[in-house]
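Below is one structure, written out as structure tokens; comments come after it.
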Amino acid sequence: MKSGYHTNSTRSLHLYASRSVTVSSVIRDTVIVNISVYRFEYKPKKVKTEHDKKAKKRKHEYTDGSKWRFLEHKGPVFAPPYEPLPDKVRFYYDGKPMKLSAPAEEVATFFAKMLDHEYTTKDIFRKNFYKDWRKEMTSEEKSKITDLNKCNFSDMNEYFKAQSEARKQMSKEEKLKIKEENERLLQEYGFCIMDNHKERIGNFRIEPPGLFRGRGDHPKMGMLKRRIRPEDIIINCSKDSKHPKPPPGTKWKEVRHDNKVTWLASWTENIQGSIKYIMLNPSSRIKGEKDWQKYETARRLKKCVDRIRAQYRDDWKSKEMRIRQRAVALYFIDKLALRAGNEKEEGETADTVGCCSLRVEHIKLYPKLDDQEYVVEFDFLGKDSIRYYNKIPVEKRVFKNLQLFLENKQPEDDLFDRLNTSILNKHLQELMDGLTAKVFRTYNASITLQQQLKELSCSDDSIPAKVLSYNRANRAVAILCNHQRAPPKTFEKSMQNLQTKIDEKQNQLSAARKQLKAAKADHKASHDDKSKKIEEQLMKLQVQATDREENKQIALGTSKLNYLDPRISVAWCKKWAVPIEKIYNKTQREKFAWAIDMAEKDYEF
DNA sequence: AAACTGACTTGGAATAAACCCT
DNA sequence: AGGGTTTATTCCAAGTCAGTTT
């Protein structure tokens, strides 16, 4: 059943539930099973004829682009209505208490809650907030409140702090009650039925109103994110399902039955005018299948990457400027794992770039730097305004090309003026079916993990040491992909605490050894075991300290979740007898259930 | 061919829950 | 038991990319 799963990929990409837990409901002769664990299989399982029929159907659907044939859900959960502040909680304008109308008060509380955050000190944030706040004010309020600097929200701020403190101090029973209520909501709204399965929904709660928190220098930070009502919601479900009911006295914007998409509900958000969706959890069939497909595409790239590399190197010499630019950009995407870099509407978002949208001001060329030749220095803000800074030596030809691209340009001009992501991706599509810029990131991330694991793993290592090796391999990928984080606020302290523990353990160890020496005469072997145990604990602590230190500014989560073929990790665990729990927590195991089930110790990406 | 739209993946921070020590 | 710390989960913004419209 399990052998040879990874050997490949030409066969159908279908998931079948192979383990059902309990039968929970029956709809139109279709058995719905509770939370299923999916497996990828080559062939439809020979269990029942009914099953076979469905498998065939599903295969058919796959080719016509439909994503499901039955979809039933209860619709989203709305944000709780606004609760006005108690009268004792005051807002002050120009030093005098002032009672606000409910709409103005609500928006004021959004700001008050953020008083301790850096956002509220930023000019753009304040300006945007103030502008949108005024729209909620009554005309009296509007004429009275004319300067945000004269507004004092601190009483409100204290109130919310006290509230959250009170929540922490709640009795066990009260906490349990809340937990149970959340669980009830989850059970009622947190699942849907897609085809034959009950599936977990990723985000069944509608985003509550609040102030928009853009990242980096976002021109719209502080704007009011309005409250979403049933009238804003488009429901998507199958015609023959029980349609979700809107809250009493309200209507949905629309109910549609589009099985070419995977979402259950959507609404248009008012800051950028983009659409937000309610979709399934990563553990679902529809997400897992897509994920698997992504890694299979990356593995196909592995087979032809040499050819593609040879090609773009050749294109560095092209007579056509557009070809040279395309080839150099692709080289960066491949070598540095840069993102594609779509154009963005100026003034609507933070000024960030990817490969194709790099500007002259983002690179510096050094014919010679220290002991290296042809060095390119990158310095730009990427996705989420995370800084990318890197100095790399490149081939002479690339360097010369870059000099050419820079000729007669201003700092704010595009480096690749004859290229965009659309052109690049069309070219990539011709090189390999399904190839786009981001496949290189997936490919390079996964292949790096595999190669690093091979290099770092050592059979003599203890389990904690092996896990450290795994994390280091993961770290190599995170560094490649520039996944950074702000060092945790308590980082230094946490390191100190760990060091204290290590010191203590060291003392324990020497004490135990002394004891052993003294006891030697009495032939007490038990003391030897004792020091061994302490040694082990000490080693574990030291490994932990190393791991934490190395991870100070690196975020491992994103690469683990989105770039690393989970079958590599699963295979590694099997090969080195490391329990999978050491690598993946519960959520991650659910997301990667297909891989855990599929990969053997000899899996190769 | 440029601009726009829609659907989906990817991203770090914030928050909640679990854990660990006294 | 409680409080501080660590880990897991939730949140929602910000990308990619294909298809459609202008």
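Keep in mind that what you see is a predicted model, and the values were worked out from it rather than measured. These numbers come from the heavy atoms of this one structure, side chains and all, not from hydrogens, waters or symmetry mates. Here is the naming used below: chain letters follow the sequence lines, and residue numbers restart at 1 for every chain.
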Rounded off to whole Å, could you give me the [atom1]-to-[atom2] distance for the [X] and [N] pair?
X       : N       : atom1 : atom2 : result
D291(A) : dT9(B)  : CG    : P     : 8 Å
R589(A) : dT9(C)  : CZ    : P     : 9 Å
N236(A) : dC8(B)  : CG    : C1'   : 14 Å
Q293(A) : dC8(B)  : CD    : C1'   : 13 Å
D116(A) : dA14(B) : CG    : P     : 12 Å

Task: Sequence-aligned protein contact record of nucleotides 14-22 of chain C, with B where the base is within under 4.0 Å of a protein heavy atom and S where only the sugar-phosphate is - done: BSBBS----
TODO: For the residue pair D217(A) and L381(A), establish whether any side-chain heavy-atom pair is separated by less than 4.5 Å.
DONE: no
Open item on the list: Any residue in residues 261-268 of chain A with a heavy atom nearer than 4.0 angstrom to DNA chain C? Just list them by number, or reply none.
Closed with: none
Enumerate all atom pairs, one protein N or O and one N or O from nucleotides 16-22 of chain B, separated by less than 3.5 Å.
none

TODO: For dG11(B), take OP1 and OP2 only and decide whether either is under 4.0 Å from a side-chain N or O of Y563(A).
DONE: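 Yes, because at least one side-chain N or O of Y563(A) sits under 4.0 Å from OP1 or OP2 of dG11(B).
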TODO: Taking only the side-chain nitrogens and oxygens of K287(A), find out if one of them lies under 4.0 Å from OP1 or OP2 of dC8(B).
DONE: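 Checking dC8(B) against K287(A), no side-chain N or O comes under 4.0 Å of OP1 or OP2.
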Open item on the list: What contact category does P208(A) fall into here, base, sugar-phosphate, or nothing, at under 4.0 angstrom with non-hydrogen atoms?
Closed with: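 Touches sugar-phosphate only.
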- [ ] Pick base, sugar-phosphate or nothing for I386(A), based on heavy-atom distances below 4.0 Å to the nucleic acid.
- [x]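 Answer is sugar-phosphate: I386(A) comes under 4.0 Å of backbone atoms only.
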TODO: May I ask you to say whether E188(A) pairs ionically with R184(A), meaning some side-chain N is under 4.0 Å from a carboxylate O?
DONE: yes
Task: Salt bridge present between R126(A) and D123(A) (N-O < 4.0 angstrom) - done: no
- [ ] Measure from the side chain of N585(A), starting at C-beta and using heavy atoms only, and say which of dA13(C), dA8(C), dG11(B) lies closest.
- [x] dA8(C)
- [ ] Work out which heavy atom in L186(A) is nearest to a heavy atom in F191(A); give both atom names and the distance.
- [x] O-CD1, 3.4 Å
Task: Centroid separation F204(A) to H73(A) less than 6.0 Å - done: no
- [ ] Under 4.0 Å from any atom of DNA chain B, heavy atoms only: list the residues of residues 545-562 of chain A that qualify, in numerical order.
- [x]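 Within this stretch, T558(A), N562(A) sit under 4.0 Å of the strand.
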- [ ] Return the residues of residues 483-498 of chain A meeting this criterion: a heavy atom under 4.0 Å from some atom of DNA chain B. Order them by number, or give none.
- [x] H483(A), Q484(A), R485(A), A486(A)
Open item on the list: Checking side-chain polar atoms at under 3.5 Å, does S559(A) have a donor or acceptor matched by the opposite partner on N474(A)?
Closed with: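 Side-chain D/A pair, S559(A) to N474(A): present.
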Task: Pair E269(A), S274(A): side-chain N/O donor-acceptor within cut-off below 3.5 Å - done: yes
Open item on the list: Can you classify the ring geometry of F378(A) versus Y388(A) as parallel (below 30°), tilted (30 to 60°) or perpendicular (above 60°)?
Closed with: perpendicular
- [ ] Could I get the full list of side-chain contact (heavy atoms from CB on, under 4.5 Å) partners for T120(A), not counting sequence neighbours?
- [x]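 Checked T120(A) against side-chain contact (heavy atoms from CB on, under 4.5 Å); matches are F111(A), M114(A), F125(A).
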